[in-house]
There are 2 protein chains.
Amino acid sequence: MSTAEETRGGDTEPWSEVTPDAARKLLVAAVEAFAERGYHATTTRDIAGRAGMSPAALYIHYKTKEELLHRISRIGHDRALDILRTAARGEGSATERLADAVGSFVRWHAGRRTTALVVQYELDALGPEARAEIVALRRQCDAEVRGIIEDGIAAGEFEVLDVKGTTLAVLSLCIDVARWFNTAGPRTPDEVGALYADLVLRMVGAKDRGAGQR
Amino acid sequence: MSTAEETRGGDTEPWSEVTPDAARKLLVAAVEAFAERGYHATTTRDIAGRAGMSPAALYIHYKTKEELLHRISRIGHDRALDILRTAARGEGSATERLADAVGSFVRWHAGRRTTALVVQYELDALGPEARAEIVALRRQCDAEVRGIIEDGIAAGEFEVLDVKGTTLAVLSLCIDVARWFNTAGPRTPDEVGALYADLVLRMVGAKDRGAGQR
DNA sequence: GGGTGCGCTAAGCGGTCGCTCAGTTTCGGC
DNA sequence: GCCGAAACTGAGCGACCGCTTAGCGCACCC
């Protein structure tokens, strides 16, 4: 299929839930513009121009510029939470699940960097209600990771003194990949994912890190 | 824990190198505004208002709004590099120097969060020449941390397969503290610094982490 | 004590912003 | 072939942006 297998692991072409086509084109244009210049520095004329439309067309599909960001952020966080949940609730030991969660989470941040940049770093541009909704999703992401770490401690696989602090650090480490990763750089998303999975297993004091960095 | 007197309790009030008083007041106001709303969402009227002056007063001391950000970013990066350099070139084993570097670097990002936020996350708002100057400072920060890690590997204290990748991850982890740290939250900068120093020693496979998290 | 320079303000300029609206084009149903 | 709804455009509104300018007050000098 032409639209599949973009980021490996079968991540179907994103934004497919956004219809009609014109609304999706505008949203994709907005993601690119927000990632390049930031939300506040992006003009509605720029977004419409990238989508090949007039500025007024934007307001047929979205009430405001902020609603565009909200939709992007909501869909992105849903995807991020889905990635973590799938890994957290999979089979295998806590060690395997944590490595899987970090690996796929990092692969998403690197492979879909423009989206991740907007999703993770433009949160403050949202209004209070929209931000509260997104913050709730973030807390769920945190809970999934903390759950794996607690499982590992209970099973004697990990050695962690400050569970909340370590969870925060692990998520922070993964998220910040979107800030520095360079698509034209020397590393592939797969390589960064594997490196980070190993680093995180070290952080939690995993007794068996397997092959380590592959 | 030896080089910390500056970022600890009595951080000598920063920006002391900025004169005259009015210029410093404007710069401090700009730091607060940029940290709260971001560079692009901050107006010159807002900055001047926080400093208790008229908008025109800003242009007596600074050529443009961007020059304000440039000065903030330059001073902040100088300070960050100074913190890392002091720790890297101190006495003690690589393990001790890395823990010291991470601890004081994180304490600065947490304790002076508003400054660090602007310094670390508003880089893209700078023009090409100013950004290039700052990027050069960042590379020096990277080199200092990489140097400690390489020392530790050579001394047999650390076990790292991907030195460049691990260095990047360590710095990324520390920098991102500025994004999530909450001054009103439950953790003090000292506590986060100690936690992160231990996490980083784990990441590099340090054989002797000493007392670990306390 | 009248000039002089400097820090600062009040007012405002040109431009661009988010967003609106009247009007044109497109198209399925009949 | 005609109609009404929906998609979209060109033109532009009011607000606010970064920044400038003319002039005011005040310490300082001979």
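Below, each value reflects all heavy atoms present in this structure, side chains not excepted, and no hydrogens, waters or symmetry copies. Computed from a prediction, not measured in an experiment: that's the story for all the values here. Throughout, a chain's letter reflects where its sequence line sits, starting with A, and its residues are numbered from 1.
- Judged by distance alone, with hydrogens and angles left aside, the side-chain atoms of Gln120(A) form no donor-acceptor pair with the main-chain N or O of Ala178(A) at under 3.5 Å.
- With sequence neighbours excluded, no residue forms a side-chain hydrogen bond (donor to acceptor under 3.5 Å, both in side chains) with Thr44(A).
- With respect to Asp176(B) and Arg179(A), no salt bridge is recorded, no charged nitrogen being found less than 4.0 Å from a carboxylate O.
- Here salt bridge (charged side-chain N to carboxylate O under 4.0 Å, His left out) pairs that include residues 114-141 of chain A, with residues two or more places apart or in two chains, are Arg74(A)-Glu133(A).
- Among the candidates Ile75(B), Thr114(B), Leu68(B), the single residue satisfying the side-chain contact (heavy atoms from CB on, under 4.5 Å) test with Val31(B) is Thr114(B).
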Using a 4.0 Å heavy-atom cut-off, write out nucleotides 9-24 of chain C from 5' to 3' as B (base contacted by protein), S (sugar-phosphate only) or - (no contact). BB-B----BBBBB---
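- Taking every nucleotide of DNA chain D with any atom under 4.0 Å from a non-hydrogen atom of chain B, the first and last of them, 5' to 3', are dC17(D) to dT21(D).
- Within a heavy-atom distance below 4.0 Å of DNA chain C, no residue of residues 124-134 of chain B is found.
- Panel note: side chain Arg107(A), backbone Asp190(A); no donor-acceptor pair is recorded below 3.5 Å.
- In this structure a side-chain-to-backbone donor-acceptor pair under 3.5 Å is present from Ser104(B) to Asp100(B).
- Checked against side-chain hydrogen bond (donor to acceptor under 3.5 Å, both in side chains), Arg37(B) has the following partners two or more places apart in sequence or in another chain: Asp46(B).
- Here the side chain of Tyr39(B) pairs no donor or acceptor atom with the backbone of Leu123(B) at under 3.5 angstrom.
- Checked by atom type and distance alone, the side chain of Lys65(A) pairs as donor or acceptor with a backbone atom of Thr42(A) at under 3.5 Å.
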